[in-house]
Engineer: 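Just passing along the structure, written as structure tokens.
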Amino acid sequence: MIGFAENHDGNVCAVLVQPYIADARLATKEEKMCWWMMKAIYFSLTLLFILQILAATTNTAVFRQGQANNLEV
């Protein structure tokens, strides 16, 4: 979500995507760097989330396999 805006009817609505921005100026180097940094942070957090899910799934599977092996003995 980008933020909130007012539509043509005067109602407040959420802005999810803003593909085209009609602006008279270009982004500064600092704004571009901030954009890339936010993309890198988003990518890193997404990767960490996926790795945590994989680790939890793997640990559960190994634990269950260990329980099954103990029952056989």
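Along the sequence shown, residues are numbered consecutively beginning with 1.
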Engineer: Using residues 41-55 as the side-chain source, report each donor-acceptor pair under 3.5 Å to any protein atom, sequence neighbours left out, with the distance given to one decimal.
Structural biologist:
| residue | atom | partner | partner atom | Å |
| --- | --- | --- | --- | --- |
| S44 | OG | A40 | O | 2.9 |
| T46 | OG1 | Y42 | O | 2.8 |

Engineer: Under 4.5 Å side-chain heavy-atom separation, chaining through any Ile, Leu, Val, Met, Phe, Trp or Tyr, what else clusters with W35? Say none if it is isolated.
Structural biologist: W36
Engineer: Table please: side-chain donor-acceptor pairs of residues 5-13 below 3.5 Å, with sequence neighbours left out.
Structural biologist:
| residue | atom | partner | partner atom | Å |
| --- | --- | --- | --- | --- |
| N7 | OD1 | D9 | N | 3.1 |
| N7 | OD1 | G10 | N | 3.1 |
| N7 | OD1 | N11 | N | 2.8 |

